[in-house]
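In what follows, a structure is listed as structure tokens, so that the remarks can point back to it.
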Amino acid sequence: MTMEWNVERERLSQLFLNTLSASTENRRLAEKALSEDAAQKPNFGLLLLRLIAEPPGAIDDQIRQSAAVYFKNYLRSRWLPSPPDVPPITSDVKDQIKSLIVRSMLSSPPRIQSQLSEALTVIGSHDFPQAWPTLLPELVAGLRQATDYSAINGILETANSIFKKFRYQYKTNDLLLDLKYCLDNFAAPLLEIFLKNASLFDSKAAAAAPPLEMKPLLESQRLCCRLFYSLNFQDLPEFFEDHMTEWMTEFKKYLNTTAYPSLEQNEQVLAALDALRSAICDNIILYIEKNEEEFQAYLNDFALSIWNLLVNVSSSSSPAARSSPSHDRLIITAIKFLSTVSTSVHHSLFAGDGVIPMICQSIVIPNVRLRDEDEELFEMNHVEFMRRDMEGSDQDTRRRIACELLKGVAAHYKDQVTQAVSLHLQNLLSSFSANPTINWRDKECALYLVISLASKRAGGTLASTDLVDVQSFSASVVFPELQALDVNAFSMLKASALKFLTVFRNQISKPAVFPVFPDAIRFLGSESIVVHSYAANFIEKLLLVKDEGGRALYNSADINPLLGPLMGNLFNAMKFEESEENTCVMKCIMRVLGVADISRDLAGACIQELTSTLIKVCTNPKNPIFNHYLFESVALLVRRACQQDPSLVPAFEEKLFPILQKILAADGVLEFFPYAFQLLAQLVQFNNPPLSQNYMQIYDIILTPDLWKNSAYAPALARLLRAFLQKIPHELNRQGKLSQVLETFKDLILIRKIDDQGFYLLNTVIEYLRLDDLSPHMTFIWSVLFLRLQKNPTVKFVKSLVIFMSLFVVKHGTINLVNSMNVVQENIFTVILQQFWIPHLKLIAGAIEVKVAAVAAVKVLCETPSLLHPNVAPQWGKLLDSVVTLVSRPVEERLDEEPEVPELGGTMDNPASFIRLHNAGNREEDPVVGISDSKEFLVTSLAQLSTQFPGRFPLVIGEILESANQAALLQLCHTFNKNIV
């Protein structure tokens, strides 16, 4: 056996060595051989673990580490669950691996140990504790016996990984049982090692041990704190409540910033100390949030300790501290603790004299001031800077969390906070005025404070502040920054000024802000990507401001005189390196095109720039948001320019057709297909028949069945097909094209996931073709729909069917609907009406859809001979009841409960989504535009019908309609002065 193992060990060692080879072929062959071993050898995992566990010196550590990584990934793919084509690890091999892995991990060097710890976590996530009851006792035994901190910390790291599930998983009985098992077996040993570490740490600190000797202890204590967090997350366990004093005493000790000055001079050790302090802050935040009553006795001491900690670290002059990410994490977590206290019942801790001014001076201002890291991010990583600053993803930064602390305190002490911050604003601005060149960061700090402390309302679009009078503050503090001639000087300050105007745009009057509009246009030329992006964002948001009547405050008359430099600077901004696909700039272009008057010259210049950009993005589409606004800008330009001057259509076609053809080519840009279809639809609509050969080639392309199976394409395809049918309706009925379209409809409607595309296609055909063209195909259409309905009817599918039938009625008449349906099966119309149409009519939503459905139902009520027979009066009454519900009740009231769809025994696949009659982004056309009000149409039609059958319908209404609907119908009759006799 030993000889066999020696041979296998050498072979595996060579394979893993080859996986690290510089030769691609050697790596490929080694990886292939290992994959074959993994697939063919049931004990392959054991062989790997044995190789990893070879004593030091027998196998190179580089090989062992490579094997450990492979072992971890092998377990991930094969422990549970395994892919269907991969043989799982057998139970006996699993048991052997579990019996060996802890011992192997504890005896391995740190790098290999970390990989085995992750492998152990993989097993534990599936087997622990039920299928691995020996794990925790084995870890506890190892914890008590180990003297090497690499082994101790390896055990704690493993336990930490396993226990993390108690933080994130939903509380269930099974989870609580697992938690109890872990508490029973690990809570006491955890406290034991924590106190042992604490004692050793104190003795080493007293003996002035070298700081690096303390680092493993600090890491060990951090892991103990993370385990504390996991085990306390669900509830306060009895053991931890009984031993709270021991834990809290040690926690408080490590927060003392004056106790270990030597540790703060070494960057590595300081990082470990910061990480421990952060973990402690997490623990006490957890306790104040979940165990407030039990923690109350310790709160004051911790508040004082963390206060002192924050004051110390916020003003630290240590180079290691200033540049340490762990320091940032510590400050953020510590401020979160104070913020939590400020919004709790213990907020009175902040009520003392001088407390709030001290918070501002010692905690808030030092952390809001710009640091070198902030300026570096601004200059070197503008995307990340704007993501944090504009999109609000900076919640875990020192600047943002410091302001959140002030907001928390202001919840109970608003006047004191306002007074304290206002004083600091004055000091910061005075400092700037004394020496603007040197102290520009003070002004930026002031602007940041005002912006961050603003109150948001109306969905976050309207901001206000009590700190300053926005109008006068803008005039005296903000506008001067934008009126400076050099657009490249003090870029961060200029960016903050532009952001201020963007945030408070609704609070500044038009006469006050519009004089700086030309300055904002100048800043589009700034070399700073952040600055010209913020300038574009300000202009775009300003053009959205409404007056008190809800009308646009800024219109074409305002921007037309500035249009030349505005559009020129916007397009030039995208010529800066790394700003070629600037979303802010493109969105601003779109907004300006929506407001300005589009002259022929402007249209020509803009389409030239936009198509040049389109050509570039087609080569390598990488920014979906930018691309969307780019296509929106093109569509907007085409629509507004061609509405004003139809003679521009050929010029747009000349520029756009080569790009659209490239997009739709066999090797085209698939993600741009929907955009291309919509732009083509616009161009078709602005044309007059006969359409050019270029369009007819596109027409053939959009009838390709596979295109309609893509849910992203179908709405745009329907939009384009609708445009073609409006211009050349008879073309579809030539050369068998309609039959081809209906076969595509059949393929779509019978597949559950894409049946909504089938309705897009069908509704378009029904809406725009003549009945004479449709009639030969209606039996086929109904057969497909009834087959789909019989197999598995759902609410969404039936609503789509109701919309389709309603559209048919308003376009081609009730009698034609009834007759075409009954050809398929005798009296099927009545069955569909009773079981599907009436119950689902009230579920229709959408303004156009509701109108079409209501008008169609009224026509069915009044124009269907079979429904007007006295014997079916109850059925007539139920349809009327559903119509009244549809037109008289709010949509949320009608849609509270959706009925079960009845089985239609016998002959009719899965649900279609509720399909809109017109595509998103396209102006919805009203198929019943001649009827202004469906409610008036209802009572007018009923009144006329009742004159033919006097006395019949009031009785039906009284017997069948719900009382609420009777009252609603009576009110409608009064409103429109109609009588049902």
Side-chain angles (χ1 to χ4, degrees), residues 742 745-746 749-750 758-759 762-763 766 771 774-795 797-844 852-883 886 899-909 911-912 941-942 945 948-949 952-953 955-957 959-961:
L742 293 178
F745 149 73
K746 177 184 175 182
I749 214 73
L750 295 178
F759 277 108
L762 183 61
N763 289 343
I766 293 297
L771 183 61
L774 289 170
S775 293
H777 304 280
M778 285 311 302
T779 298
F780 173 82
I781 292 172
W782 288 122
S783 298
V784 171
L785 290 171
F786 295 160
L787 176 63
R788 170 69 178 79
L789 189 61
Q790 277 186 327
K791 284 190 174 181
N792 186 10
T794 66
V795 171
F797 179 86
V798 177
K799 288 195 294 185
S800 297
L801 179 62
V802 170
I803 288 292
F804 165 71
M805 293 187 295
S806 300
L807 184 60
F808 189 103
V809 167
V810 300
K811 284 295 180 180
H812 305 299
T814 304
I815 301 301
N816 289 321
L817 174 82
V818 174
N819 291 341
S820 65
M821 292 175 72
N822 287 339
V823 167
V824 179
Q825 181 178 324
E826 186 178 354
N827 205 34
I828 190 66
F829 168 76
T830 303
V831 176
I832 297 296
L833 180 69
Q834 292 176 356
Q835 296 193 22
F836 298 100
W837 200 332
I838 292 174
H840 292 80
L841 180 61
K842 63 183 180 182
L843 303 181
I844 303 302
V852 170
V855 169
V858 172
K859 286 178 172 289
V860 171
L861 277 170
C862 300
E863 299 174 4
T864 310
S866 60
L867 266 184
L868 295 175
H869 196 280
N871 292 342
V872 295
Q875 205 62 50
W876 186 94
K878 290 178 181 177
L879 178 57
L880 176 60
D881 190 54
S882 197
V883 177
L886 178 68
E900 292 296 324
V901 178
E903 294 294 334
L904 192 67
T907 48
M908 294 184 190
D909 198 4
S941 301
L942 288 176
L945 179 67
Q948 302 176 35
F949 308 95
R952 178 194 297 182
F953 298 116
L955 291 175
V956 177
I957 292 169
E959 291 176 1
I960 304 298
L961 267 64

All side-chain contact (heavy atoms from CB on, under 4.5 Å) counterparts of Ile960, not counting sequence neighbours
Pro874, Lys878, Val956

What do the steps show when you test Thr779 against Ser783 for side-chain contact (heavy atoms from CB on, under 4.5 Å), and what is the final call?
CA-CA 6 Å; Thr779 298; Ser783 298; 4.2 Å; yes

Roughly how far, to the nearest 0.5 Å, is [atom2] of [Y] from [atom1] of [X]?
{"X": "Leu801", "Y": "Ile749", "atom1": "CG", "atom2": "CD1", "answer": "9.0 Å"}
{"X": "Asp881", "Y": "Leu886", "atom1": "CG", "atom2": "CG", "answer": "11.5 Å"}
{"X": "Asn819", "Y": "Met778", "atom1": "CG", "atom2": "CE", "answer": "11.5 Å"}
{"X": "Leu742", "Y": "Phe780", "atom1": "CG", "atom2": "CZ", "answer": "6.0 Å"}
{"X": "Ile766", "Y": "Ile803", "atom1": "CD1", "atom2": "CD1", "answer": "14.0 Å"}
{"X": "Leu785", "Y": "Ser800", "atom1": "CG", "atom2": "OG", "answer": "10.5 Å"}

Beyond-backbone contact of Leu843 with Val798, side-chain heavy atoms, under 4.5 angstrom:
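The answer is no, as the side chains (C-beta and beyond) never meet within the 4.5 Å cut-off.
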
Answer yes or no: is there a donor N or O on one side and an acceptor on the other, between the side chain of Arg952 and the main chain of Leu868, under 3.5 Å?
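Indeed, once roles are kept as given, a pair shorter than 3.5 Å links the two residues.
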
Phe745 and Gly758: which non-hydrogen atoms are nearest, and at how many Å?
CD1-O, 3.6 Å

Taking all heavy atoms of Trp837 and all of Val809, pick out the closest pair and write down the distance.
CH2-CG2, 4.1 Å

Run the side-chain hydrogen bond (donor to acceptor under 3.5 Å, both in side chains) test against Trp782 and tell me which residues pass, sequence neighbours left out.
Ser820

Taking only residues two or more places apart in sequence or in another chain, which ones pass side-chain hydrogen bond (donor to acceptor under 3.5 Å, both in side chains) with Asn827?
Thr830

Could you pull out all donor-acceptor pairs under 3.5 Å where a side-chain atom in residues 853-864 meets a protein atom, sequence neighbours excluded?
unit_1, atom_1, unit_2, atom_2, d
Glu863, OE1, Thr814, OG1, 3.3
Thr864, OG1, Val860, O, 2.7

Using the side-chain contact (heavy atoms from CB on, under 4.5 Å) rule, take Leu841 and Leu879 through it: C-alpha gap first, then chi angles, then the decisive distance, then the call.
CA-CA 9 Å; Leu841 180 61; Leu879 178 57; 4.2 Å; yes

Applying side-chain contact (heavy atoms from CB on, under 4.5 Å) to Val802 and Phe836, what does each step give before you reach the verdict?
CA-CA 8 Å; Val802 170; Phe836 298 100; 5.7 Å; no

Please report the C-alpha distance between Leu789 and Ile832 in whole Å, then the side-chain angles of each, then the deciding distance to 0.1 Å, and finally whether the side-chain contact (heavy atoms from CB on, under 4.5 Å) criterion is met.
CA-CA 10 Å; Leu789 189 61; Ile832 297 296; 3.7 Å; yes

Can you sort out the partners of His812 under ring-ring contact (aromatic ring centres under 6.0 Å, His included), two or more places apart, ordered by chain and number?
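Here the qualifying residues are Phe808.
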
